[in-house]
Amino acid sequence: MCKKRTLTIIFLTAAALIGYLADWRYASGAFVAFIVLFIAFKFWEREILRELQWKELFNTVCSNMSFTSSIFGIKKITGVILEELCEMEGIEAAWVMLKEPEGRFRLHITRGDLSGEDASFYNLNDYIGREIESFENPVVSEKHPAGFEFAGSGPVLHIPMMEGRLLFGIISVAARSRRLFKGSGFSNYIALGRQIQQLYENSSKSREMENMTRKTRQEVDTAADELTKTNIRLINRVKELKSLYNLSVRVFAAGDVKGAFREVFAEIKRVMKVSEAAYFELNNGLFNYVFSSFDSKFSMENKPALKKEFLSKNNGVKAAKDINAPDEIMSVFNKLSFRKIFVVPAKVGEKTKGLMIGGIKKKSKSFSQNELNTLTLYSSRLAEYIERNRMISVITEDNVRLKELNEVKNNFIALISHELRTPLTTIKGFSEVMYEGQTGDLTEEQKSCFKNILDSARLLGEKIDSIIDFVSLRKGDLEIKREKIQWNNLIEDVCSEFSDELERKNIKFTIKKDRKIGDVYVDAEKIKKAVRQLVSNAVKFNKIGGSINIKTKHRGDFFETVIKDNGIGIDEDMNSRIFEEFFQLEDPVTRSVNGIGIGLTLARSIFEVHGGTIEVKSKEKTGTRVNVLLPVKNRKYLRDKNPDGEKKNDK
């Protein structure tokens, strides 16, 4: 009414202005102008009012875009929009059809002069009233849908509501004249249909979000409950493990088996409220009684035994009257007034080593499986302690026996070595006398024979000396006589001893010396023996036409010596065993290279006695690399002597 009053005032003002301009003397002209203006005004007023109505309608739609996701809420909002639409001039009715899950379209909401609220359809052509190929764009039909009744007989505008390419609903508007669905009016209906479609889409998405939120909340609540339960289980498990750890410490610190049992029983009494318990050890298919926590008047003096099947028949917790045990054991249990008795195995690894029987005097609920598992762990700690003590006893006895045998072996080797040295000295002495011609002239053939005897005697003497040194090292009484020597000269002297063999096997031999290397304080004979062993191995285990490279280098407080060859080498898996005593790669009877298998063992011991180290890396068919490190100065030695090797003056 307010808008109409405003328009009327505008009209009267315009009419007065026209009358003034036309001069009232020309009444006929003014009248005609007034009539024309009145008609134009009425048409303009109707269009203005219609546009204002559409504006208010769209404002209603926009203000209700934030709606509730419930069916009731969307129905209420759509009803408000359709009701405002029906208030427009020429609109008889408006309604919304929604597609149900089974495919039928059913009336969802209606406004205006319309009947047929139970109307529904499957066939889209029947509803629209004419054949259409696709229903993706609005359609105007002159025919009313079957089952719908309203006063007018004008056209009906059908606007599809699509989700993607799927039709989920139809907005229908019935008007008195087709003129209302032309021009800008048609665009307004299309825009309104899109807005209502958006409302339904938002409603569907909102419901999906609510369902998803509800489902997520339920999952979160379920996960939180499960996490709480898990945390409780973890806390209980941590308590069990802590208890088990503390028990293990106390059990393995116990002085004897009886003390260990007391610790186990004290723990199960504290944690499980057990009244009394007894331990049986498995031996030869029987569980033999060992000890218990019972009072002395209830002790099992005859040490009863249980058959192995007893555990499988009675494992777990049972009423005392249901336990199947010998009379002697049951009489004790009855005197102790046990209401329930538990039987759990004592295991070491996967093997059962014993069992524990305990009783509960007070009325209580049965132990859970987790509690029985905990009891099994407690009893198993006792079994592990007993097994460990037994193994320690056996190992101790074996170690004593091995030590005795090793001592016998060392003494035997030392005795044999000394006994062999005496006749060898005689053989060597007389051979030298005869070789030098002191007993008469020798033929060349005889002289060659005596030379072979002397070489073999020398080689045998070296082996005997090595064995004696080896035994001395094992006993820890190897005598070391240090003196000052030049390291590079020592290496050259040792290598010169193999010149004939190097030439015979056509081995390329090179020495690269670091001039910064000076004097070292070592036992020259012992060190030469160790270096000789390394060079000898490089020559013996090299191929004809091979190569040996020796390099000395100053490295801080150490001298490094590297001996590298491209000989036969050994399997990389055997590298860790080459320093083992009497280790041989080949069979001692059939091997092609002589040796007793203590050369590298003795060499390493000699270097270590001098404060050095040795490392060997070998690869089959590639060669061997030996790294030796010796300290530049032996501090312990130099505390007692000056740098020249002489004793310090105490003055």
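Every heavy atom of this structure was used, including side-chain atoms; hydrogens, water molecules and symmetry mates were not. In this text, all values refer to a predicted model and were calculated from it rather than measured experimentally.
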Residues in side-chain contact (heavy atoms from CB on, under 4.5 Å) with L286, at least two apart?
N288, A305, K307
Answer whether the closest heavy-atom distance between the side chains of K529 and L602 falls below 4.5 Å.
yes
Heavy atoms only: give me the nearest Y279-M356 pair and the separation to one decimal.
CD1-CE, 4.4 Å
Output all residues satisfying side-chain contact (heavy atoms from CB on, under 4.5 Å) with T624, sequence neighbours left out; order by chain, then residue number.
D565, V616, S618, V626
Per the side-chain contact (heavy atoms from CB on, under 4.5 Å) rule, which among L311, L306, V343 passes with F280?
L306
Sequence neighbours left out, what passes salt bridge (charged side-chain N to carboxylate O under 4.0 Å, His left out) with R262? Give chain and number order.
none
Could you check if a side-chain atom of L377 sits within less than 4.5 angstrom of a side-chain atom of N373, using non-hydrogen atoms only?
no
For S448, the side-chain hydrogen bond (donor to acceptor under 3.5 Å, both in side chains) test, sequence neighbours excluded, returns none
The side-chain hydrogen bond (donor to acceptor under 3.5 Å, both in side chains) partners of T228 (sequence neighbours excluded) come to none
Taking salt bridge (charged side-chain N to carboxylate O under 4.0 Å, His left out) as the test, write out the residues that go with K617, two or more places apart.
E615
Residues at least two apart in sequence or cross-chain that pass side-chain contact (heavy atoms from CB on, under 4.5 Å) with T552, listed by chain then number, are W487, N488, I491, K513, D514, I517, T561
For residues Y378 and V274, determine if any side-chain heavy atom of one lies less than 4.5 Å from a side-chain heavy atom of the other.
no
Please name all residues satisfying side-chain hydrogen bond (donor to acceptor under 3.5 Å, both in side chains) with N627, sequence neighbours left out, ordered by chain then number.
E560, R625
How would you list, by chain and number, every residue that makes a salt bridge (charged side-chain N to carboxylate O under 4.0 Å, His left out) with R401, sequence neighbours excluded?
E404
Name all residues meeting the side-chain hydrogen bond (donor to acceptor under 3.5 Å, both in side chains) criterion together with N389; count only those two or more places apart in sequence or in a different chain, and write none if there are none.
Y385
Hey, can you tell me if F261 and F291 have their rings parallel, tilted or perpendicular (30° and 60° cut-offs)?
tilted
With sequence neighbours excluded, tell me which residues meet side-chain contact (heavy atoms from CB on, under 4.5 Å) with K481.
E479, D523
Do any pairs count as a salt bridge (Lys or Arg N to Asp or Glu O under 4.0 Å) and have a residue in residues 388-397, sequence neighbours left out, and if so which ones?
E281-R390, E387-R390
So which atom in P345 and which in T352 form the shortest heavy-atom distance, rounded to 0.1 Å?
CB-CG2, 4.2 Å
